Undergrad: 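This structure is in structure tokens; I'll ask about it shortly.
The residues of the chain are indexed from 1 along the displayed sequence. Small disclaimer: the values here were computed from a predicted structure and weren't measured. Atom set for the values below is all heavy atoms of this structure, side chains included, hydrogens, waters and symmetry mates excluded.
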Amino acid sequence: MALMRRSWPLWLLAFLLTIIALWVAYFFRDPERTGERGDALVIAPADGKIVMITDVDEPSFVHGKATRDSIFMNISTCT
């Protein structure tokens, strides 16, 4: 019985860390995108608010000009 009285903080910590891990997995999920497809359409890689669209020079991957779409993902509304 003495072991159980001393170990409750560890069980509480384990429970809280499990809840946080599940929430992180839910926040960074990769849902299937539905909707129209086409050459003139863009499908967002994330659910959020578009805060900036700008043209940039991208030397590493595209090796030229690219359009950067910055999306803000709010942690309180990750539905």
Undergrad: Please list all pairs passing the salt bridge (charged side-chain N to carboxylate O under 4.0 Å, His left out) test where one or both residues lie in residues 64-75, with sequence neighbours left out.
TA: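 Counting only pairs at least two positions apart or across chains, the salt bridge (charged side-chain N to carboxylate O under 4.0 Å, His left out) contacts touching residues 64-75 are D57-K65.
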Undergrad: Could you check whether any side-chain N or O of E58 sits under 3.5 Å from a backbone N or O of S60, counting only pairs where one atom can act as donor and the other as acceptor?
TA: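 Yes, because the side chain of E58 sits within donor-acceptor range (under 3.5 Å) of the backbone of S60.
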Undergrad: Treating Ile, Leu, Val, Met, Phe, Trp and Tyr as nodes and any side-chain heavy-atom pair under 4.5 angstrom as an edge, say whether I19 and L10 lie in one connected cluster.
TA: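 No, because I19 and L10 fall into different hydrophobic clusters, even though each may have its own neighbours under 4.5 Å.
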Undergrad: Rounded to the nearest 0.5 Å, what separation is found between the CH2 atom of W11 and the CG atom of L16?
TA: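 It is 13.5 Å, given to the nearest 0.5 Å.
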Undergrad: Under a 4.5 Å side-chain heavy-atom rule over Ile, Leu, Val, Met, Phe, Trp and Tyr, are M73 and V51 clustered together?
TA: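 No, M73 does not connect to V51 through the hydrophobic network.
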Undergrad: Are T54 and T67 packed together at the side-chain level, in the sense that at least one heavy-atom pair is separated by less than 4.5 angstrom?
TA: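 Side chain of T54 against side chain of T67, heavy atoms only: no contact under 4.5 Å found.
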Undergrad: How many angstroms lie between CG in L17 and CG in L22, if you round to the nearest 0.5 Å?
TA: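 Result: 11.0 Å between the selected atoms.
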